[in-house]
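Notes follow the structure.
All values below were derived from every heavy atom in this structure, side-chain atoms included, with hydrogens, water molecules and symmetry-related copies excluded. Counting starts at 1 for both ligands and their atoms, following the listed order. Numbering of residues begins at 1 and proceeds along the displayed sequence.
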Amino acid sequence: MLHRLTISELTARIMRGDCSAREATQACLDQIKRVDEGVKAFLSYDATDALNQADAADRLLASGVSSQEKPLLGVPVALKDVIAHKGQPLNCASKILGNFISPYDATVVNRLKDAGAVVFGRLNMDEFAMGSSTENSAFFTTLNPWDPTRISGGSSGGCAAAVAAHEAFATVGSDTGGSIRQPAALCGCVGVKPTYGRVSRYGLTAFASSLDQIGPFTKDVSDAALMTRVLSGYDPRDSTSMNEPVPNYQAGFNHDLRGLRIGLPREYMIGGLDPQVDAAVRKAVAQIQSLGAEIVEVSLPHTEYAAATYYIIAPAEASANLARFDGIRYGARVEGADPFELNSRTRGQGFGDEVKRRIILGTYVLSSGYYDAYYIRAQKVRTLIRNDFLKAYETVDAILTPTTPTPAFKVGAKSDDPLQMYLCDVFTISCNLAGICGLSLPCGFTGTPKLPIGLQILGKPFGELTLFRIAQAYEQSTPWHRELSPVA
Ligand code: GLN
């Protein structure tokens, strides 16, 4: 049952010589063969390349390398189909990229490889990361490992499902408005959106550049802290990456939360919140209080405008970023009589409905005459949202909220109603607009069917250390992280 181990359990075994990197990688490949037909997390994977990387890790181990030098030695880690991995397909779950193969490695891939990880596989997602259920993938929908009639969340649904199905020890995704935290919550794993600027986006296909951030999915908080440390750090190739020291997040773990003040936003316990989610989050808050933290009410009054603001800014940036998919530079091409026809045919056939909707919305809000009324105004509201958080963080160290308003819904339940789909993100998007960090971890389950519920912890800019400390103390005092999905 090698595939069920956490990263820390696996690396301990590998370092002791109790198992090899090849065995760990083979265990993931076997698990994919066994369950992925029912989960559909992977778009593709290259087993030969993964096993070759594993053999290289085993040779390094034989040469006497230490776990300090290679903290992920032999650990299989899979990637969302939006992160460049040299020699492997990169489709962003879209048809428009055709048979595109990445010519280089993203910085996060380099960092994972430097840490000794076996980097493999392309995980399903909503096309160009636009969505909350993976139903916008041009290929297929990823199903929830806890209940295959339900969605796995999105846009990084493949990342969350692969961890919950134990097909990889960790996965790496991207979060523009909740795409790591929301699927992590719905699939019962830990997902981290680091502070804007914490992790390099070099090699990440841009969706909304002022919001996008890369982060990990793991089976527990300790693994999330380790993965975040490996992924983080300054990169001259990403002009938004910050030159801030990267702490050893695991060294900050402390089961005693005395001395911490944690905020509960008045505006987040809204009507419309599923009663089981509400109850689980309230219990989690009480638990965190019993570990010594002081819980205080805070106010984030502009939160109610977060979804409206996001759905102006994100499409605006997307409409500019996606202009590069023109049938000339990358991937698929549908010929036309002239470059304009080629361009419109390629984009017309290559993009799915949601991506087109965002491009049209984004182009509209940026067009002259509407720019001031929508785009500039949204930018101003964004500043108010950020200021709400900075003000709250004058008195609290972190903030607790539900990650999602409901547990995983049925496949198809919201796919015809974009507004309902957008409202899945009410608790997660303000974090991206404010540029702060956030984490989701399991805080319980619904009755029947048994579905995971997520607790979101929001931290100060570069406040990941505190985030992990609270999350780990809570996790270790509750049983949720030990629950296995039925396909594990
Ligand atoms: N669900 C949100 C959207 O559709 C967030 C996506 C993301 O974070 N990539 O835009």
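- For the residue pair S200 and D235, a side-chain donor N or O sits within less than 3.5 Å of a side-chain acceptor on the partner.
- With a 4.0 Å heavy-atom cut-off, ligand 1 is reached by the side chain of Y311 but not by its N, CA, C or O.
- Ion pair D278/R282 flagged as a salt bridge, since at least one NZ, NE, NH1 or NH2 atom sits closer than 4.0 Å to an Asp/Glu carboxylate oxygen.
- A donor and an acceptor atom, one from each side chain of T195 and E464, are located under 3.5 Å apart.
- Contacts between D425 and ligand 1, counted as non-hydrogen atom pairs separated by less than 4.0 Å, involve the side chain only.
- Ligand-side atoms of ligand 1 in range of A129: 6 (C), 7 (C), 9 (N), range being under 4.0 angstrom from any heavy atom.
- Taking the six-membered ring where tryptophan is involved, the planes of Y45 and F120 are perpendicular, since the angle between them exceeds 60° and thus also 30°.
- A heavy-atom separation below 4.0 Å is found between R358 and ligand 1.
- Of the N and O atoms on the side chains of T6 and K219, not one donor lies less than 3.5 Å from an acceptor on the other residue.
- Of the N and O atoms on the side chains of T404 and Q182, not one donor lies less than 3.5 Å from an acceptor on the other residue.
- By the 6.0 Å and 45° rule, K356 does not stack over the aromatic ring of F351.
- Remark: ligand 1 and F207 share no N or O pair separated by less than 3.5 Å (distance only, no angle test).
- For ligand 1, the polar-atom distance check against G154 finds no nitrogen or oxygen pair separated by under 3.5 Å.
- Residue-ligand proximity, G178 to ligand 1, at heavy-atom distances under 4.0 Å covers atoms 8 (O).
- Taking a 4.0 Å cut-off on heavy atoms, Y310 registers as neighbouring ligand 1.
- Listed by number with element, the atoms of ligand 1 under 4.0 angstrom from any heavy atom of G177 are 5 (C), 7 (C), 8 (O).
- No N or O atom of D175 sits closer than 3.5 Å to an N or O atom of ligand 1.
- Using cut-offs of 30° and 60° on the angle between ring planes, the pair Y249 and F468 is tilted.
- Of the heavy atoms in S179, both backbone and side-chain atoms come closer than 4.0 Å to ligand 1.
- When only interatomic distances are considered, the shortest N/O to N/O separation between G131 and ligand 1 falls below 3.5 Å.
- For ligand 1, the atoms closer than 4.0 angstrom to any heavy atom of S155 are 9 (N).
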request  = Step by step, work out the side chain to side chain donor-acceptor pair (under 3.5 Å) result for S299 and E267.
outcome  = CA-CA 7 Å; S299 178; E267 296 81 2; 2.7 Å; yes
